[in-house]
Structure formats: structure tokens, C-alpha cells
2 protein chains.
Amino acid sequence: MKCITEKSEDKIKDAARRVFLKKGFDGTTSRDIAREADMNIALTNYYFRSKEKLFLEIFSEVFAQYFSNTIEILNKKIGIKEKISEMIEHDFDMMKNEPDMVIFIMNEIHKEPDRLFTGMSHFKQLQETYFTKQLEEGIAAGTIRDLRMENLLPLIKCSVEFIYLAKPIHKKLYNMTDEDFEKFAETQKEHIKEMICSYLVIG
Amino acid sequence: MKCITEKSEDKIKDAARRVFLKKGFDGTTSRDIAREADMNIALTNYYFRSKEKLFLEIFSEVFAQYFSNTIEILNKKIGIKEKISEMIEHDFDMMKNEPDMVIFIMNEIHKEPDRLFTGMSHFKQLQETYFTKQLEEGIAAGTIRDLRMENLLPLIKCSVEFIYLAKPIHKKLYNMTDEDFEKFAETQKEHIKEMICSYLVIG
DNA sequence: CATAGTTTTAAATGGTTGTTTAAATTATTC
DNA sequence: GAATAATTTAAACAACCATTTAAAACTATG
């Protein structure tokens with residue numbers, strides 16, 4: 001049976017995701033969510049028992065999304081340089097499509113780390129990728145600098161994600177329009193690729 | 001006349017700074033601040049008129065602090081490599097001493113960029129440093145890669161600040177204690193220095 | 001010590017919060 | 001199509017929010 005109209009439960013969840021991502025847990029009220037979903041206030045609790053439960057459900061989905069594509073790319077059977085390039089491209093796209101995601105995750109985890117780490121299976125997946133094997137082989141062969149996965153990954157992620165995290169500051173600092181900023185980001189992207197690859201690959 | 005005990009106004013401001021940095025504007029109540037300062041609730045409004053006014057005052061101080069030492073270092077009469085190294089060391093120290101600062105600034109600006117940028121004189125100071133001149137000279141002489149200040153600065157800041165922003169994730173991801181994390185951060189620091197300097201300096 | 005000014009207090013303000021209730025409406029089942 | 005279950009609604013709940021009030025306590029000055 002096809003459903004043209006979204007089910008109420010999903011409508012609320014989607015609306016809540018949008019509002020939570022934009023305003024964070026503390027900045028969001030149950031009434032904000034109901035208004036965004038265009039539904040009665042009581043329904044939030046009817047379907048999800050509490051604001052907290054709804055939030056936790058959404059957070060773990062967003063957190064999984066943050067890692068999922070990364071794991072996919074890390075497992076691709078392509079060369080290291082190409083892989084790093086693709087990782088960086090993917091991160092750029094992610095920051096463009098989901099500009100609120102990273103700051104949301106960082107901020108919520110920062111406020112209460114313990115409550116949010118429950119059954120995170122992405123973690124093991126992230127450590128056991130083909131990329132880790134590639135790195136080890138390259139290091140053994142002397143073509144890749146001796147660098148552990150957990151040191152390399154932040155070097156990649158930070159460069160891309162940070163400039164978007166600090167986008168409002170950059171815009172203000174150098175008097176940029178949104179268009180200017182995207183140009184700036186493109187330039188930055190090439191620097192990042194070049195810098196990381198030339199550091200990683202020996203000779 | 002010496003004051004052994006802090007004045008009430010300062011006590012409130014200091015307490016508010018601590019709470020705001022930890023929980024953000026939305027997560028902080030006037031009662032939280034009064035409790036932290038060990039004072040009556042009404043005093044917050046007696047001295048600062050409103051929670052919003054108190055917040056804005058604190059935010060602009062924190063934001064200035066975030067840039068102040070950076071500007072100082074950029075104006076030092078030392079070599080580029082040494083300067084980058086010092087910048088990185090400074091950022092590490094800052095993240096250790098004020099672990100809440102960067103995520104606080106990023107998050108508050110992200111939520112409402114316009115309200116927080118009022119009379120930020122640090123911006124011009126940041127663009128007109130001795131470091132900019134050094135870069136231009138190096139580029140002209142062919143010893144430094146053609147890289148604009150606004151592209152280089154994020155490369156430095158991101159690497160350091162991001163790993164601390166993602167500290168809870170790293171700890172969870174690689175099962176680290178706080179001690180383990182500090183060791184990890186030290187290793188990362190050396191990679192960052194080496195990577196940025198070897199990219200920037202030609203030959 | 002009286003008085004004027006400043007600081008602190010307990011209590012109350014009106015509004016908003018997350019959540020619940022119980023009735024009304026719609027959908028499903030036999 | 002009547003009975004049962006699931007969904008939606010308006011209204012209410014106590015708790016808490018930022019802020020204000022007006023009286024009390026304190027300090028300084030003459």
C-alpha cells in the first residue's frame with residue numbers, strides 16, 4: 001500500500017531533525033517541533049514518549065550518517081592518494097548539504113559525552129577498513145610515511161570541516177559573500193589535498 | 001583600598017563565564033549563574049540588566065581572548081617556521097587551558113551570526129600583521145609557496161583545534177584515557193608542524 | 001548617630017517549559 | 001455496521017523560566 005502523505009511519526013521525526021540540527025537540544029522546544037511538523041503538541045510524546053527520547057533517536061541516526069560514507073570510501077579498492085582526494089571531496093559535499101551536522105554533533109557530545117555514546121558500532125567498522133591495511137603495507141614498503149590511522153584521519157577531516165565550522169567568522173573576517181566563500185573553500189580544498197598527500201607519500 | 005573578596009559584579013561575571021562556556025546560552029539559566037556565583041538571583045539583573053546583556057558582554061571578551069594572543073604571535077619578529085611552530089604550541093596550550101572556548105564560540109556564532117559580530121576590531125588587526133608581510137616577501141623571493149594568509153591560517157588553527165573539539169569522539173573511538181589522549185595530541189602536534197612547514201617552505 | 005545611597009534579599013510576576021489528560025475523531029476488525 | 005483500537009485534539013498540569021518589586025540590610029558621609 002502506497003502512502004502519498006508521510007506518516008505522522010515520520011513527519012514529527014523529520015521536523016525534529018531539522019529543528020534540533022539548527023537550534024540544538026537546549027534551544028529547541030516541543031512546541032518548535034510541533035509547529036515545524038504542523039501537528040499537535042501532544043503527538044511528540046504520543047509517538048516518542050519524551051523530547052529526550054526523540055532527540056537520542058535522531059542523534060544516533062545523525063551520528064551514524066556522519067560516519068557511514070566515510071567507512072564506505074575507506075573500504076574502496078583504490079589508491080591511497082585517490083582515496084584521500086575522494087575523502088576530502090566527500091567531506092566538502094557533506095558540509096555543503098548538511099551545514100549544521102558537524103557543529104551539532106560536536107556541541108551535543110561536548111555538553112554530555114556519556115549520554116550520547118550508546119551502542120556505536122561504527123567505531124569498530126572505522127578501525128577495520130581496507131585503508132588501514134593499505135597504510136600498513138605502504139609503511140612497510142617505505143612509500144608511505146609512518147603514520148597511524150587515528151593520526152591521519154583527523155588531519156583530513158579537520159581541514160575541511162573546520163573552515164565550514166568557522167564559515168561565519170571567515171565571512172565576517174574577510175568580508176565575503178556566500179559566493180566568495182565557496183570560491184575560497186575551493187582554493188582551500190586544493191591546498192588541503194596537495195598538502196596531505198605530499199606529506200603522506202614519501203618521495 | 002585593597003579588596004580581598006571579589007566584588008559582586010565580578011563574581012557574577014566570572015560565574016556566568018564559567019557556566020555559559022560549559023552549557024551555552026540556551027543551556028544556561030539565570031539560576032545556574034546565581035548558584036555558581038553563590039548570590040541572589042535578582043543580582044544578575046541588578047548588575048547586568050538581563051541575561052542577554054550579560055552574555056553579550058562575556059561573549060565579546062571570550063572572542064577577543066581567542067584572537068588576542070594569535071595577533072601577538074603573528075607580529076613577532078621571528079622566522080616563519082618558528083612562528084608557525086609557536087602558533088601551534090599556543091593553540092595547544094589554549095585548548096588545554098580553555099577546553100570549552102572554541103566549541104562555545106563556534107556554536108554561538110553558528111546559531112546567530114549577526115547578533116554577535118559587533119565592533120570586532122580584532123579583524124583588521126589580524127589582517128595587518130607582520131606575518132602577512134613575511135609571507136609576501138617569501139613568496140616574492142620564491143622560498144614560500146604562493147599562499148594567502150586567509151588560506152594558511154585555517155590550516156594551522158584547524159589541525160589543533162579540531163582534535164580537541166572531537167576529543168570525546170577520539171577518546172571513545174580509540175578507547176583512550178585522558179592521559180592517552182594527551183600523548184596522542186603530542187604526536188599529532190609534531191605531525192601538524194612538520195606537514196604545514198614542509199608544505200609552505202619550498203625546497 | 002542620623003541620613004542618604006548602595007547593595008542584597010525574599011517573594012511575586014506573567015509567560016513558557018515538557019508532559020499529561022480525557023474527550024473527540026478516525027481507522028480497523030469481525 | 002457495530003465494536004474495538006488507534007490517532008488526534010484542546011485544555012490543563014505543575015515546574016521552571018527571566019525579570020521585577022518593594023522592603024530590608026548594609027555602607028558611607030556629614
Side-chain angles (χ1 to χ4, degrees), chain A residues 1-62 104 107-108 111-112 115-116 118, chain B residues 1-62 104 107-108 111-112 115-116 118:
Chain A
M1 192 179 77
K2 265 190 190 171
C3 281
I4 300 294
T5 55
E6 219 179 352
K7 279 185 179 170
S8 296
E9 188 172 336
D10 295 330
K11 254 173 97 176
I12 291 167
K13 202 165 171 176
D14 291 347
R17 191 188 192 279
R18 262 172 277 139
V19 184
F20 276 141
L21 274 168
K22 191 140 292 261
K23 309 214 239 175
F25 180 79
D26 291 327
T28 300
T29 71
S30 302
R31 283 162 180 84
D32 286 338
I33 297 170
R35 203 179 307 119
E36 175 79 16
D38 200 24
M39 314 218 84
N40 190 282
I41 318 167
L43 289 176
T44 300
N45 282 38
Y46 176 71
Y47 284 111
F48 298 96
R49 298 196 39 203
S50 73
K51 179 190 167 190
E52 173 93 5
K53 288 244 168 56
L54 174 55
F55 175 79
L56 290 175
E57 212 169 307
I58 287 169
F59 182 85
S60 79
E61 283 182 24
V62 173
F104 168 77
N107 193 51
E108 296 299 337
K111 274 189 302 182
E112 264 179 274
R115 123 180 126 146
L116 299 174
T118 49
Chain B
M1 190 179 80
K2 265 191 191 174
C3 279
I4 300 295
T5 56
E6 221 179 349
K7 278 185 179 173
S8 296
E9 188 172 337
D10 295 330
K11 254 173 98 175
I12 291 167
K13 200 164 175 181
D14 292 347
R17 191 188 193 278
R18 261 173 278 141
V19 183
F20 276 140
L21 275 168
K22 190 140 287 262
K23 308 214 239 175
F25 181 79
D26 291 328
T28 300
T29 71
S30 300
R31 283 164 180 80
D32 287 338
I33 297 171
R35 204 181 305 118
E36 174 78 18
D38 201 24
M39 313 218 85
N40 190 283
I41 319 167
L43 288 177
T44 299
N45 282 41
Y46 176 73
Y47 284 111
F48 298 95
R49 300 199 34 203
S50 74
K51 180 190 165 189
E52 174 92 6
K53 288 245 169 54
L54 174 55
F55 174 79
L56 289 175
E57 208 169 311
I58 287 168
F59 181 86
S60 77
E61 283 182 23
V62 172
F104 167 78
N107 193 51
E108 296 298 338
K111 275 188 301 181
E112 264 178 274
R115 127 180 120 144
L116 298 175
T118 49

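Naming: A, B, ... by sequence-line order, numbering from 1 per chain.
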Which whole-number value in Å describes the distance from [X] [atom1] to [N] [atom2]?
| X | N | atom1 | atom2 | value |
| --- | --- | --- | --- | --- |
| B/M39 | D/dT19 | CE | P | 18 Å |
| B/R31 | C/dT13 | CZ | P | 14 Å |
| B/K7 | D/dT27 | NZ | P | 14 Å |
| B/N40 | D/dA23 | CG | P | 17 Å |

Give me the residues of residues 41-57 of chain B where at least one heavy atom lies under 4.0 Å from an atom of DNA chain C, by number, or none.
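Those residues whose heavy atoms fall under 4.0 Å from DNA chain C, taken from residues 41-57 of chain B in numerical order, are B/A42, B/L43, B/Y46, B/Y47.
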Contacting residues from residues 8-30 of chain B, given that a heavy atom lies under 4.0 angstrom of DNA chain C:
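B/S8, in order of number.
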Nearest heavy-atom neighbours spanning A/K53 and A/F48:
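Answer, listing the atom of A/K53 first, then A/F48: CB-O, 3.2 Å.
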Nearest non-hydrogen partners of A/A15 and A/I33, listed with the distance
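Closest heavy-atom pair between A/A15 and A/I33: CB-O, 4.0 Å.
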Just by modelled atom types, is the A/F59 backbone N or O under 3.5 Å from a matching donor or acceptor in the A/E108 side chain?
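Looks like no, no N/O pair under 3.5 Å.
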Does B/K51 reach the main-chain N or O of B/T28 with its side chain, forming a donor-acceptor pair under 3.5 Å?
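Checking the backbone N and O of B/T28 against the side chain of B/K51, a donor-acceptor pair under 3.5 Å is found.
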Charged N-O contact under 4.0 Å between A/K7 and A/D10
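Looking at A/D10 together with A/K7, the answer is no, because their closest N to O distance does not fall below 4.0 Å.
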Does the pair A/D14/A/R17 count as a salt bridge with the N-to-O cut at 4.0 Å?
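Salt bridge flag = no for A/R17 with A/D14.
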Do the non-hydrogen side-chain atoms of B/M39 and B/Y47 ever get within less than 4.5 Å of each other?
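No. Closest side-chain heavy atoms not under 4.5 Å.
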Parallel, tilted or perpendicular, as decided by the 30° and 60° cut-offs, for the rings of B/F104 and B/F55
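The rings of B/F55 and B/F104 stand perpendicular, inter-plane angle above 60°.
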